Amino acid sequence: MKLKHLILFLAVVVAGCSSRHPVETLVIDCVECKAFPSESGNIASPNKQLQAIDSLMWRQPDSALMVLVDFAASPQADSLDAFEEHYCQMLLSELLYKNDFGQNNREKLLKAVRCFDSIVGTDETDARKADTRGVSLRERNAFLDARAHYINGVGFYERDNLVEACAEYLKALEVMEGHFGEEDLVKNKAKFMAYTYNRLGDMFSGQFMMEAAITCYENALAYCRIEPTSPTGVSNTLIRLGLQYEKLKDTEKMKAYYSQALEEMSDSDNLSYRDMAASKALCDYKADSNAEQSLETLRHILSQAEDENERLTRYLSIGVIFSHEEMFDSAVAYLESVFENTRDEVSQIQAAEHLHNIYESLGNEARSNECIRFLANHKVSASENKVLVSQLDNLFQDYLKQKQGKLSEAEHAKHVRKIVGIIVPIAVLLAMAIIIVAKLRSRKLLKQQQKEAEQAHEELRRLQTETQQRLEETERKHRQKEEEMVKRHEDELRIQRDQSEKEMEQTRQRHKAELEAERLAYEKEQDALRQSLRQHEDQVMASEKSSGLQQDKAERWRQEFLKEPICRRINELLHGKRITTRDTSFKHDDITLKEEDFKQLREAVERHFEGFDAFLLSCCPSLKRGDLALCHLHLMGLGEGEIAALKSRTYSGIKKQDESIKEKLSLEESVSEYVLRIAKGLYVPQDVPQDPLKTILTIMSNNPNITREEMANQLDVSSKTIGRYLKKLDGKVRYVGSGYSGHWEVIE
């Protein structure tokens, strides 16, 4: 059938219809079309008349239908190309729906749906391939595609195919949510979303799928608040939500939604307000059982009824209350009128259910059977309904999962962008801070080394001065002693002048020997002082040289330590991992170290830094195995965040443990700096035994009954290492007794 013939036929139908039932109309954006891809691939422009009809449709659908009828009779209708034909068929279906007529162009509409699908594509990538002329064009085409699926769902619903109708409504939502962000779903797009969710909510409500219906109505309410579908749109949605909670027997929420619906209604002189007030009155009765007050409200609303349909709707509410109150005569009068006269099938079924119960109570078997037969003819079997509900629920749950997946992906991408935006500046600032701190520390260390060198030179000058003073003092004493000896010799010579030559010669020889001995003693003392001075100078030079060599050698030892398999494995585990210092527990099974890993790390430390644990324990015997393990990880140069991840601990927990170790060791610097300085030879503590053998002797003196295993645990080394230490102490300690009954003795 040609488009012109079809619409002319509709004109006759429209003219012949004296009345129609009002339905909630679908509001669509005015499409400002620039260019469409035609089926041949060329760019096509929609007819301006069709654009005008589209624009008029969402304001005055009845007038738009008449304009479309006039357009079909014009010569322009014969010149429509393929795409304009699809566009026109979609407009026709929407206008039929808005004017409460069934679809008479079903086959043409399905072709239009396939056309719009081919333009938009099944996903964003296909959409870009199909249409590459700009974002605004793709978004417009996506909106047309969503409209086509929505009106196709209406067609399935008219044919009682609820599953296909539900699938089409959900497809319309997927198209909108896949092509538009929340910030874009405003104005008429928000209205479209509200209508689609309301259609789904009504469908689920009719199948008593209250949870799904509530979800849809809540979404519809959110979009309706962005752009109201009508003056009563928000209130109508609130009434629908209240009805779901009424079915769930949640009286509190039911009353809250009904009350809010009345408050949101700005005009009380209309059918929607009276429907809400009637629902509220029936709700109050079910909640409070105050029949008199509810009936008075319903009678007042009944007096304002404008037509027969509204009057019968009020009769049903009043009859339900009389039925519950067992005022059967009054209930029958109202319910029979509804049952016999209403054209609303749902109201007729409700009236039949109540009449069946009443006639059964009154013993009127004939009338009761009549109601039963009616209900049997209009009731879907339980198995059919169960299958339908299951299919609808599966469709809706699949849609929710897909939507949640897309939302999660979008949120993850947003979160990543946010983190990158935060981390990059922080990383730059952190790098600058590290460079500045490194320079400051380097300057500080250089200044400290210069200060130490100056102190060493000052000490050398002091020693040189003292030595020079001692030399001068020795020479003075020597001259004084020599003068005294010469004087004494002269006195002796005077005394012995009369003695024989032989005695005088002996005396001279003895004096000469004494003088030579004194000279030799003086020279020996002078040589000793000079040797001491040279040794002091050599010590200062060796100290300055060994300081640098010691650090270089210690650094080579540490690099050899970092080449250990366990150290390389730990660094590989951390490589590429994003470790933060947030106060959350790290749960990375793939990088968490096991007890065997800590044992291997402890043995590696002992091989490269023998006596490291013993030294720490000699400084603080109360250090635990976990404290020593933390020091081992610091020895690798790891930070507290990385250690927290390796030990499956929170960052604050590791931070607290570091502070505890720092307090135990009475440190002014951090534990990390402390152990690294020990490893690099930059820290030599005063008055602290560094030999693990001395530590073992101290432990044996304090606890003679200690076992080898206990010593190994206390020093955090292996039993094999304890055995090696005991061999070195052979002759200094001995074990008295046998087995666990013996004890250690330290031999002085």
Side-chain angles (χ1 to χ4, degrees), residues 448-553 611 618 681 683-698 700-701 725 727-734 745-748:
Q448 183 178 356
Q449 291 176 346
Q450 290 175 347
K451 184 177 179 181
E452 291 175 353
E454 289 176 358
Q455 291 176 349
H457 286 298
E458 184 65 28
E459 179 68 16
L460 177 61
R461 286 193 294 271
R462 186 183 63 80
L463 291 173
Q464 288 175 337
T465 302
E466 290 181 356
T467 304
Q468 187 65 33
Q469 290 175 352
R470 290 178 62 185
L471 284 171
E472 293 175 354
E473 180 67 20
T474 303
E475 186 176 359
R476 185 186 62 80
K477 289 181 178 180
H478 173 71
R479 285 196 300 269
Q480 183 180 358
K481 189 173 183 180
E482 190 177 40
E483 290 174 355
E484 291 176 353
M485 290 178 66
V486 169
K487 184 179 180 181
R488 180 168 55 81
H489 293 165
E490 289 177 352
D491 292 340
E492 289 181 356
L493 286 172
R494 279 195 301 271
I495 295 172
Q496 297 177 358
R497 191 170 293 170
D498 297 334
Q499 295 179 359
S500 64
E501 282 295 327
K502 186 177 180 178
E503 289 178 350
M504 291 177 65
E505 184 62 27
Q506 290 177 348
T507 301
R508 289 191 189 96
Q509 293 297 326
R510 180 169 56 82
H511 289 173
K512 185 177 180 180
E514 289 178 354
L515 288 171
E516 182 65 20
E518 176 61 23
R519 185 183 65 78
L520 292 175
Y522 167 72
E523 290 179 354
K524 185 176 181 180
E525 186 175 1
Q526 289 287 89
D527 290 340
L529 289 172
R530 292 189 185 93
Q531 182 67 25
S532 175
L533 180 60
R534 283 195 297 272
Q535 288 177 352
H536 283 302
E537 292 175 346
D538 292 342
Q539 287 175 359
V540 171
M541 293 177 65
S543 175
E544 293 175 349
K545 184 177 180 180
S546 65
S547 176
L549 294 176
Q550 174 84 12
Q551 294 182 33
D552 293 341
K553 185 176 181 181
S618 67
Y683 181 78
V684 180
Q686 301 296 325
D687 301 326
V688 177
Q690 299 184 46
D691 190 350
L693 302 181
K694 294 181 180 179
T695 304
I696 293 177
L697 291 175
T698 302
M700 290 180 174
S701 299
Y725 289 162
K727 287 183 179 180
K728 294 181 180 180
L729 291 173
D730 188 22
K732 296 182 179 181
V733 298
R734 63 186 176 187
E745 285 187 356
V746 179
I747 303 172
E748 296 296 338

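This is a predicted model, so every value here is computed, not measured.
In this structure, E482 has no side-chain hydrogen bond (donor to acceptor under 3.5 Å, both in side chains) partners at least two apart in sequence or on a different chain. Legend: residues meeting side-chain contact (heavy atoms from CB on, under 4.5 Å) with Q469, ordered by chain and number and at least two apart, are T465.
Taking 4.5 Å as the limit, some side-chain heavy atom of E472 sits within range of a side-chain heavy atom of Q468. Annotation: side chain of R510 is not in contact with side chain of Q506 (no heavy-atom distance under 4.5 Å). A heavy-atom distance below 4.5 Å is not found between the side chains of K512 and L515.
Smallest separation of non-hydrogen atoms from L729 and L693: CD2-CB, 3.9 Å. Residues I747 and G731 come closest through the heavy atom pair CD1-O, 3.6 Å.
With salt bridges taken as basic N to acidic carboxylate O contacts below 4.0 Å, none links E484 and K487. A salt bridge links R461 with E458: at least one charged nitrogen is closer than 4.0 Å to a carboxylate oxygen. No salt bridge links R479 with E483; every basic N to acidic carboxylate O contact stays at or beyond 4.0 Å. Ion pairing of E505 with R508 is present here, as a side-chain N (NZ or NE/NH1/NH2) and a carboxylate O approach within less than 4.0 Å.
For CZ of R462, the number of neighbouring non-hydrogen atoms (other residues, nucleotides, ligands) closer than 6.0 Å is greater than 12.
Put simply, CZ on R488 and CD on E514 are 5.5 Å apart, with the number rounded to the nearest 0.5 Å.
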- [ ] Take D730 and K727 through the test side chain to side chain contact (heavy atoms under 4.5 Å, CB included) and record every step on the way to the result.
- [x] CA-CA 5 Å; D730 188 22; K727 287 183 179 180; 5.8 Å; no
Open item on the list: Determine whether H478 and K481 satisfy the following criterion, side chain to side chain contact (heavy atoms under 4.5 Å, CB included), listing intermediate values before the conclusion.
Closed with: CA-CA 5 Å; H478 173 71; K481 189 173 183 180; 5.7 Å; no
